[in-house]
Amino acid sequence: MINYKRYFVVISLVILCMLSIITVVFDDPMTLVAEKWIIVPVAFMAASVANATAIGGGFLFIPLFIYGYGLSPLVALKLTFATQSFGMTSGALGWGKRLIDGFALTVGGIASLLGMWVGSYYLQIPSEHIKPVFGWVSLFVFFIILLEIRYSKISQEVAVAKRGDIKLAGFLITTGAGGLITAWCGIGIGEFVVLYMLLVYKVTIEVSIATGVAMLALNSVLGFIFHSSLGAMPWEFLAFTVPGAVLGGFFGARFGKFIENKFCKSKDIISTGDKFPALKYLFAVIILVDGGWMLFYSYVAI
């Protein structure tokens, strides 16, 4: 059950802290709040889904910042990393050490951070290519989610094998590629980790998602550091995205399970104790629409 009293207290404290910072740091804080307050609930929703499913919050943030607020693709990517670094870290702490595979997080984290570093400094893509890359990666993530849903029921084990075999080599290559792609468009590493752990290592869905969330948190923090050093960080937006992301990260896993339980309607599913992954199906569709929209405006729209 959700502790609504605790929920109310945490929300009140976070919003109070946000308003205090905005009042002290920015000129004309009332106008700023009137223009951008809607970002807080949007960030909460994106972080909730991201931490319940290991899907990067960029699936909502990138289109919102580009088409909703007119930011350039590169600035939208910077802001996405900054926001995710808070939201995914909050979510990783919410999942807890018991469910996160420490070995997978360590070795995969090193490989993914190397991919992030290469993608941020040595294999950068032009700003005008961020939208089409995001679109194609979104479509790929859509199919990854469908595969994850299909094969999540066969997971039996609870840990990644700590041996230097071909599976581990594949895991390092997968996480390195996921970090590289995440550096370009803000999503990818969490989904890559979950799918590999499910299909190859047969890890339980809870451990896979918790580890994917922690991996995305690491990559987002590094992306935030990289892009802050490169300048042009829109701090006036970050003041609104961070509170929503922190709250969404903290409550995302519990809220996601609550929603999925509500949508568990199949008699066969109920009898076997499995849950219909309504939340994953819903946001698989959203990611498909996101990707299609980005590709349409990249290649078709004038």
Side-chain angles (χ1 to χ4, degrees), residues 26 32 35-50 55-89 116 119-121 123-142 178-191 216-217 219-246 248-249 283 286-301:
F26 298 102
L32 191 64
E35 291 177 349
K36 296 181 171 60
W37 67 268
I38 192 63
I39 297 176
V40 177
V42 172
F44 173 82
M45 181 175 63
S48 296
V49 175
I55 300 169
F59 80 95
L60 271 183
F61 289 134
I62 295 287
L64 172 68
F65 296 145
I66 292 176
Y67 297 111
Y69 288 93
L71 301 182
S72 70
L74 183 58
V75 173
L77 181 62
K78 291 175 182 287
L79 186 56
T80 294
F81 277 127
T83 302
Q84 286 187 163
S85 67
F86 289 92
M88 302 310 293
T89 300
M116 280 284 298
S120 298
Y121 290 108
L123 289 178
Q124 296 177 334
I125 62 174
S127 177
E128 63 270 18
H129 292 169
I130 292 177
K131 287 193 288 185
V133 168
F134 179 89
W136 288 115
V137 171
S138 295
L139 296 185
F140 182 62
V141 168
F142 168 76
L180 179 66
I181 293 174
T182 301
W184 292 339
C185 60
I187 59 175
I189 183 61
E191 298 85 346
L216 182 54
N219 281 260
S220 297
V221 170
L222 191 65
F224 182 23
I225 294 172
F226 286 167
H227 283 279
S228 294
S229 68
L230 296 174
M233 182 64 69
W235 299 104
E236 71 278 8
F237 282 89
L238 194 60
F240 292 87
T241 61
V242 167
V246 169
F283 284 93
I286 292 178
I287 286 179
L288 179 63
V289 172
D290 267 354
W293 190 12
M294 282 289 193
L295 292 175
F296 175 79
Y297 276 94
S298 298
Y299 297 118
V300 179

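Residues take their numbers from the sequence shown, with the count starting at 1. Worth saying up front: this structure is predicted, and the values here are computed from it rather than measured.
- Remark: side-chain polar atoms of Thr89 are not paired, donor with acceptor, to backbone N or O of Phe86 under 3.5 angstrom.
- Annotation for Ile66 and Ala76: closest pair CG1-CB, 3.8 Å, computed over non-hydrogen atoms.
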Using the rule given for side chain to side chain contact (heavy atoms under 4.5 Å, CB included), can you reason through Trp184 versus Ile130, listing the C-alpha separation, both sets of side-chain angles and the distance that settles it, and then say yes or no? CA-CA 7 Å; Trp184 292 339; Ile130 292 177; over 6 Å; no
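- The distance from atom CZ of Phe81 to atom CE of Met116, rounded to the nearest 0.5 Å, is 4.0 Å.
- Using a 4.5 Å cut-off on side-chain heavy atoms (C-beta onward), Phe140 and Ile181 make no contact.
- Side-chain atoms of Trp136 do not come within 3.5 Å of backbone N or O of Leu295 as any donor-acceptor pair.
- Within 6.0 Å of OH on Tyr69 lie more than 12 heavy atoms contributed by other residues, nucleotides or ligands.
- Atom CG of Leu64 and atom CZ of Phe237 lie 8.5 Å apart (nearest 0.5 Å).
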From CA spacing to verdict: side chain to side chain contact (heavy atoms under 4.5 Å, CB included), Tyr67, Met294: CA-CA 10 Å; Tyr67 297 111; Met294 282 289 193; 3.6 Å; yes
Under the side chain to side chain contact (heavy atoms under 4.5 Å, CB included) criterion, do Leu79 and Phe61 qualify, and how do the steps go? CA-CA 8 Å; Leu79 186 56; Phe61 289 134; over 6 Å; no
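- Counting only distance, with no hydrogens or angles, the side chain of Gln84 and the backbone of Leu216 share no donor-acceptor pair below 3.5 Å.
- To the nearest 0.5 Å, atoms CZ (Phe65) and NZ (Lys78) are separated by 14.0 Å.
- Put simply, the side chain of Glu35 never gets that close to the backbone of Leu32: no donor and acceptor are under 3.5 Å apart.
- In plain terms, the two heavy atoms of Phe44 and Gly248 that are nearest each other are CD1-N, 3.3 Å.
- Note that the CG atom of Leu288 and the CH2 atom of Trp293 stand 14.0 Å from one another [nearest 0.5 Å].
- Of all the heavy atoms in Leu238 and Pro243, the pair that sits closest is O-CD, 4.3 Å.
- Judged by distance alone, with hydrogens and angles left aside, the side-chain atoms of Ser120 form no donor-acceptor pair with the main-chain N or O of Phe226 at under 3.5 Å.
- Between the CD1 atom of Ile189 and the OG atom of Ser220 there is a distance of 10.0 Å, given to the nearest 0.5 Å.
- Within the 4.5 Å cutoff, the side chain of Ile187 has heavy atoms near those of the Ser138 side chain.
- Residues Gly244 and Ala47 come closest through the heavy atom pair O-CB, 4.3 Å.
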Check against side chain to side chain contact (heavy atoms under 4.5 Å, CB included), Phe240 and Ile38: CA-CA 9 Å; Phe240 292 87; Ile38 192 63; over 6 Å; no
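- Across all their heavy atoms, Cys185 and Phe134 have their closest contact at O-CD1, 3.6 Å.
- Note: Thr83 OG1 to Ile39 CD1 = 8.5 Å, rounded to the nearest 0.5 Å.
- Closest heavy-atom contact between Phe26 and Ala239: CE1-CB, 3.9 Å.
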